[in-house]
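Keep in mind it's a predicted model, so treat the numbers as computed, not measured. Note on naming: letters A, B, ... go to the chains in the order of the sequence lines (proteins, then strands), and numbering restarts at 1 for each one.
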2 protein chains.
Amino acid sequence: METDRTTQADYLKALAHPTRIMILELLEREGRCVTNIGEKLNLKQSNISQHLGILRSRGILSLQREGGLSIYCIKDPSALKILKMVRKA
Amino acid sequence: METDRTTQADYLKALAHPTRIMILELLEREGRCVTNIGEKLNLKQSNISQHLGILRSRGILSLQREGGLSIYCIKDPSALKILKMVRKA
DNA sequence: CAGAAAAATTATTATATTCTAATAATTATA
DNA sequence: TATAATTATTAGAATATAATAATTTTTCTG
């Protein structure tokens, strides 16, 4: 049950960044590791890692370790639905 | 056609504030003037006015002047849909 | 175990947001 | 026209966010 507006705002804030939107679009099809995302988006490793951390801390992404890699996947599909609505808005 | 992620992020940013979420909930039923919103939310006039300006500049609210009052109404219903999804997320 | 690769964390700087207070602008009314 | 009421705007200080660089941690591999 999610009625606290601060929590709602924090969730929206997590989505409200161009890089994080691109990350979500990139992960829509398949999970990816940090380096791969960094290459696709042409951004620094630490920056990507920070954005991934933000999305994960809000429960939007999940992380699983595979070998030496950190694979991030979309955990919360409603984030994608919201982005879809924003595109039409 | 809305594909620019910066624009999408800006739209989400406009929604991503507790006060602005409350304003949208308040206006869901009916249009209201600045003073009325300020009383309901117990916030300063200038602060409310600024938040309303942000929502209006993104096309989420519309403004019509009635007598001495500025009546704000929801112009973009998809903002409400998005908030509804956030509550369930 | 040592070195390399991948990722996370930290510190720093720059920028953006937010709130408050003060002021300006607009409109209504006496 | 003067005053009051409503709203908008501006300036300032406080806080939050974001990007970079540097460092640390973790894990894999030789």
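Between K44(A) atom NZ and dA11(C) atom P the separation is 20 Å, expressed in whole Å. Rounded to whole Å, atom C1' of dA8(C) lies 13 Å from atom CD1 of I54(A). With rounding to whole Å, L55(A) atom CG is found 12 Å from dA8(C) atom P. At whole-Å resolution of the value, CD1 in I37(A) and P in dA6(C) are 14 Å apart. Here dA8(D) presents its C1' atom at 10 Å from CZ of R56(B), a figure rounded to the nearest Å. Going from atom CG of N47(B) over to atom C1' of dA22(C) covers 15 Å, rounded to whole Å. Residue L52(A) contributes atom CG, which lies 14 Å from atom C1' of dT9(C) at whole-angstrom precision. Taking atom CD1 on I48(B) and atom P on dA21(C), their separation rounds to 15 Å, with Å as the unit.
Within residues 59-68 of chain A, the residues approached by DNA chain D to less than 4.0 Å at the level of any non-hydrogen atom are G67(A), G68(A), in residue-number order. For the segment residues 12-21 of chain A, the set of residues with a heavy atom within less than 4.0 Å of an atom of DNA chain D comprises K13(A), H17(A), R20(A), in numerical order.
Note on Y72(B): a side-chain N or O is less than 4.0 Å away from OP1 or OP2 of dA8(D). Close to dT17(C), at under 4.0 Å from its OP1 or OP2, lies no side-chain N or O of H51(B).
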Inset, instruction - Please test L24(A) against L15(A) for side-chain contact (heavy atoms from CB on, under 4.5 Å), starting from the C-alpha separation and ending with a verdict. - result: CA-CA 9 Å; L24(A) 289 169; L15(A) 299 181; 3.6 Å; yes
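The closest side-chain heavy-atom distance from I74(B) to I60(B) is not below 4.5 Å. By the 4.5 Å heavy-atom criterion applied to side chains, I82(B) and L12(A) are counted as neighbours. T6(A) is not listed as a side-chain neighbour of I21(B), based on a closest heavy-atom distance of 4.5 Å or more.
One N or O donor and one acceptor, one from the side chain of S46(A) and one from the base of dA21(D), sit under 3.5 Å apart.
Residues L61(A) and I71(A) do not share a hydrophobic cluster, defined by chaining ILVMFWY side chains whose heavy atoms lie under 4.5 Å apart. A continuous path of hydrophobic side-chain contacts links L63(B) to L26(B) [ILVMFWY only; heavy atoms under 4.5 Å].
Considering CG of L27(B) and CZ of R29(B), their distance stands at 12.5 Å, rounded to 0.5 Å. The distance from the CG atom of L80(A) to the CD atom of E28(A) is 4.5 Å, given to the nearest 0.5 Å.
Residue contacts shown for S70(B) are limited to sugar-phosphate atoms, with no base heavy atom under 4.0 Å away.
Of the candidate nucleotides dA8(D), dT20(C), dT20(D), dT20(D) has the atom nearest to the side chain of Q50(A). Considering only side-chain atoms of L69(A), the nucleotide from dT20(C), dA6(C), dA8(D) that sits closest is dA6(C).
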What pairs of donor and acceptor atoms, side-chain ones from residues 38-54 of chain A against any protein atom, are under 3.5 angstrom apart with sequence neighbours left out?
from	atom 1	to	atom 2	distance (Å)
N47(A)	OD1	H51(A)	NE2	3.2
H51(A)	ND1	R20(A)	NH1	3.0

